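Here the structure comes first, spelled out in structure tokens, and everything after it is commentary.
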Amino acid sequence: MNEPQWWLMKSEPDVYSITHLKEENETLWDGIRNYQARNFMRNMSVGDKAFFYHSNCKPPGIVGMMEVTKTNLVDPTQFDKDSKYFDPKSNKEKPRWDCAKLKYICEYKRKLSLKEISEKFSADELILVRKGNRLSIIPVPNIIAKKLLTYLE
DNA sequence: GCCAACGTTGGC
DNA sequence: GCCAACGTTGGC
């Protein structure tokens, strides 16, 4: 059994927050329309862990933990004409976008803000703190994940 | 295949 | 609202 890989997954709390996930227990992480982020998601394995990051809010930061429960799922929103994620260039024979299913693990008592993360990590260590980073899904090396956890627990 | 224009993300 | 950093698009 390999050690689970860690990820950092961003969501705007106005759209989907850790509270929503807690209520649902499990969610399809759909709407990813960036190829790099999609490719990262394709590399996820069941049992992997992810930090839930609230973006575009004050302050942005890590608020909880999730676990990957299913992978290689077709993102249904690409075929939904009423969805903002509808993609006319995709087709059911060869779907362009897929997603994973994530399960709620916990919400941290205290948010670890981007500011704190920036103070504790260098840009080399963590993609998240690199200026201009816009990826909504980021792999987190295990050693970095462990360091993050020491500030969260 | 190059590259300029344009769009998006997201912190500030 | 600004802007940096990319990704995407489309003309050539």
Side-chain angles (χ1 to χ4, degrees), chain A residues 5-24 27-44 48-68 71-102 104-141 143-153:
Chain A
Q5 163 74 41
W6 280 87
W7 305 88
L8 187 136
M9 302 176 82
K10 300 192 213 170
S11 180
E12 302 190 10
D14 290 349
V15 180
Y16 193 86
S17 73
I18 186 78
T19 310
H20 294 123
L21 179 64
K22 195 191 286 188
E23 283 162 12
E24 286 194 292
T27 190
L28 212 53
W29 206 270
D30 55 19
I32 299 300
R33 293 295 179 271
N34 172 288
Y35 288 106
Q36 226 179 320
R38 181 202 66 181
N39 294 341
F40 280 141
M41 200 151 53
R42 284 184 176 174
N43 289 332
M44 286 181 177
D48 281 0
K49 300 284 198 301
F51 295 107
F52 195 128
Y53 177 91
H54 279 178
S55 68
N56 211 5
C57 59
K58 45 181 177 34
I62 293 171
V63 293
M65 195 205 294
M66 305 182 279
E67 186 179 320
V68 178
T71 57
N72 298 309
L73 301 160
V74 173
D75 181 342
T77 62
Q78 65 194 306
F79 305 121
D80 179 359
K81 286 197 175 65
D82 297 326
S83 169
K84 65 178 279 202
Y85 300 117
F86 176 66
D87 183 355
K89 289 180 189 161
S90 188
N91 62 77
K92 297 211 176 185
E93 288 69 41
K94 241 188 149 202
R96 179 179 296 198
W97 306 108
D98 42 60
C99 55
K101 199 171 225 184
L102 277 296
Y104 173 85
I105 299 289
C106 71
E107 177 176 7
Y108 295 115
K109 291 189 190 78
R110 202 178 65 81
K111 180 191 273 181
L112 182 62
S113 72
L114 178 60
K115 185 167 178 293
E116 290 170 88
I117 295 168
S118 306
E119 286 161 5
K120 292 169 166 78
F121 292 86
S122 69
D124 284 343
E125 278 183 298
L126 189 53
I127 310 172
L128 174 68
V129 301
R130 284 182 205 156
K131 197 173 181 191
N133 166 60
R134 294 166 308 111
L135 276 179
S136 60
I137 297 175
I138 298 167
V140 181
I143 189 160
I144 304 296
K146 282 183 183 127
K147 190 172 159 187
L148 280 168
L149 286 169
T150 63
Y151 301 118
L152 285 161
E153 284 166 343

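In what follows, chains are A, B, ... by sequence order, proteins preceding strands, each numbered from 1. Keep in mind the model is a prediction, meaning the values are calculated, not measured.
Among the protein residues, A:Lys58 comes within range of no part of the nucleic acid, since none of its heavy atoms lies under 4.0 Å from any strand.
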Can you give one letter per nucleotide of nucleotides 6-12 of chain B, going 5' to 3': B for a protein heavy atom under 4.0 Å from the base, S for sugar-phosphate only, - for none? --BBSS-
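The aromatic rings of A:Tyr151 and A:Phe121 sit perpendicular to each other, their planes meeting at more than 60°, with 30° as the lower class boundary. The aromatic rings of A:Phe52 and A:Tyr16 lie parallel to each other, with less than 30° between the two planes, well short of the 60° mark.
With hydrogens and angles left out, the side-chain atoms of A:Thr77 and A:Asp75 include a donor and acceptor closer than 3.5 Å.
Note: A:Lys111 NZ to A:Ile62 CD1 = 11.0 Å, rounded to the nearest 0.5 Å.
Using a 4.5 Å heavy-atom threshold, the side chains of A:Arg33 and A:Gln78 count as touching.
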